[in-house]
Amino acid sequence: MLKEYKTIKEIVGPLMLVEKVENVKYDELVEIMQDNGETRQGKVLEVNKDKAIIQLFKPSRGIKPSNSKAKFLGESMKLGVSVDMLGRVFDGLGRPKDNGPEIIPEKRININGMPINPVARDYPDEFIQTGISAIDGLNTLVRGQKLPIFSMNGLPHADLTAQIIRQAKVRGKDDKFAVVFCAMGITFEEAEFFMENLKSENALQRTVMFVNLANEPAIERFATPRVALTCAEYLAFDLGMQVLVIMTDMTNYAETLREISAARKEVPSRRGYPGYMYTDLATIYERAGKIRGNKGSITQIPILTMPEDDKTHPIPDLTGYITEGQILLSRDLYKKGINPPIDVMPSLSRLKDHGIGEGKTREDHSDTMNQLFAAYSRGKEAKELAMILGESALSDEDKIFAKFSDAFEEKYLNQGFYKNRSIEETLDLGWELLAMIPRSELKRVKEKYIKKYLDKCE
């Protein structure tokens, strides 16, 4: 028998204090019932002896402690999952948002997930093709990896996100590929952009969308990524699918975390964020990976806008510690008209070496990647020197590398948001650019690859 309590003592923002409770557990669902018949849901955020703090999923406006009662439901929040979720759009709590029928669940799963035994994890080592040269060629995404995109306000990360959703695939696999898209605090216009974009490219049928809009309860954002990852875990580990989870914008999620912390009157840490934000983000990011003996996988691309364009801000800083690299967007490249404006020099995929090479991409991938990095870096240095001392101060070789730098940005990086390049096209394009450089300077590429691939470009 579920107990009901009329001992609501205090309501502060999205938080509610209930006293004289018994056998209440952390994360337990709660139903708040008012005299007028209206009900609202929440969950237990903290328990201290006979007191429980409840976090409401909707604003507390209109709730009067004197004529309301709390009923503890004895279970955590669960999501009903089914393969029929593919091609559907849901709100941040997993309720249909596309005017389609209710999902008939095959099972109900706790949205907090089950921790993966580290011993059971399989090492990520299989290439995922995004069709974007700056990622596939230089900062390769590997199946089971978590690789965030660090953006800035005003940059086209939404266009890049849509491009990845449309184009991403696992090569050479018969396994089904699915995308779980999780949006937190985005505008109605952004949500429409994603839905229309995916419909036009017929990518929606393999995508499950969870959308929390900016004008919807901020507290809902706290559950949204967990709901999305629960769906992803079902598709990956129960149905054996290769699942790519894209979450935008993690900055909005972190702001909600700060809002809840302030309401609880906790002592703030860096820039007002709670000291446990690292642990909280880890509970989301660490739900990516592969399990030995299971053919399914979850690959994550969290997207966040860096406040004040500062990559040392707590949100990107802590994200970088937990994840395996980052893709950094550049305002300078965007001003030059280069799209997607991916700055490949500070970007990094720590697992790229395990997902490339013969049998995965192509035998020359590692060498061409290293040579392109070296040549682009030298070209940028030459251009910076020319700005200070004038072009006359550059050697003939420096001038060649400076031209290479411009050509690299214009041809390799600037592919637009609707061009889908195979990894072979990306590698061949790299060789075309390397043909601009004297052979004596190609010190990072094996001679056999120069003869096999470069001769075709000359």
Kindly indicate whether the side chain of [X], heavy atoms from C-beta on, has any atom under 4.5 Å from the side chain of [Y].
X	Y	value
K311	Q326	no
L204	M195	no
F57	E220	no
Q415	P340	yes

Looking only at atom types and distance, does a side-chain atom of [X] sit under 3.5 Å from a main-chain N or O of [Y], one as donor and one as acceptor?
X	Y	value
S377	F373	no
T251	T305	yes
S405	F401	no
R292	R121	yes
N294	K290	no
D136	G131	yes
R88	P101	yes
R221	A214	yes
D343	L328	no
R143	L244	no

Look at the rings of [X] and [Y] and say which category their plane angle falls in: under 30° parallel, 30 to 60° tilted, over 60° perpendicular.
X	Y	value
F127	H365	perpendicular
Y449	Y453	tilted
Y123	H354	perpendicular

Please name the pair of heavy atoms, one in [X] and one in [Y], separated by the smallest distance, quoted to 0.1 Å.
X	Y	answer
A407	M436	CB-SD, 3.8 Å
M209	F194	CE-CB, 3.9 Å
A375	F404	CB-CE2, 3.4 Å
T299	G144	OG1-N, 2.8 Å

Output yes when [X] and [Y] qualify as a salt bridge under the 4.0 Å nitrogen-oxygen rule, no when they do not.
X	Y	value
R378	E381	no
R171	E424	yes
D91	K97	no
K146	E286	yes
D317	R271	no
E432	K411	no

Next on the checklist: Using side chain to side chain contact (heavy atoms under 4.5 Å, CB included), reason through L213 and I186 one step at a time and then give a plain yes or no.
Outcome noted: CA-CA 5 Å; L213 298 177; I186 65 171; 4.3 Å; yes
Partners passing side chain to side chain donor-acceptor pair (under 3.5 Å) against [X] (at least two apart in sequence or in another chain):
X	answer
Y285	T319
Y278	none
S330	none
D159	none

Checklist entry - Are the ring centres of Y273 and H313 closer than 6.0 Å? => result yes
Item to check | Residue pair T426 / R421, side-chain donor-acceptor N/O under 3.5 Å | outcome: no
Checklist entry - Any side-chain donor-acceptor pair under 3.5 Å between Q242 and S297? => result yes
Checklist entry - Please walk me through it: do R362 and I423 pass side chain to side chain contact (heavy atoms under 4.5 Å, CB included)? => result CA-CA 8 Å; R362 206 168 73 183; I423 186 60; over 6 Å; no
Checklist entry - Would M277 and S269 count as a side chain to side chain contact (heavy atoms under 4.5 Å, CB included) if you check the C-alpha gap in whole Å, the side-chain angles of each, and the deciding distance to 0.1 Å? => result CA-CA 9 Å; M277 187 163 76; S269 184; over 6 Å; no
For [X], look at atom [atom1] and say whether over 12 heavy atoms of other residues, nucleotides or ligands are found less than 6.0 Å away.
X	atom1	answer
K399	NZ	yes
E447	CD	yes
I104	CD1	no

Checklist entry - Hey, what do you get for CG (N112) to CZ (R226), rounding to the nearest 0.5 Å? => result 6.5 Å
Next on the checklist: Within this structure, what is the CD1-CG distance for the pair I111 and L93, rounded to the nearest 0.5 Å?
Outcome noted: 8.0 Å
Item to check | Evaluation steps, side chain to side chain contact (heavy atoms under 4.5 Å, CB included), between I284 and M250 | outcome: CA-CA 10 Å; I284 295 174; M250 290 305 295; 4.2 Å; yes
Checklist outcome for this item: Applying salt bridge (charged side-chain N to carboxylate O under 4.0 Å, His left out) to E384 and not counting sequence neighbours gives none
Checklist outcome for this item: By ring pair (Phe, Tyr, Trp, His ring centres under 6.0 Å), Y253 pairs with (sequence neighbours left out) F222
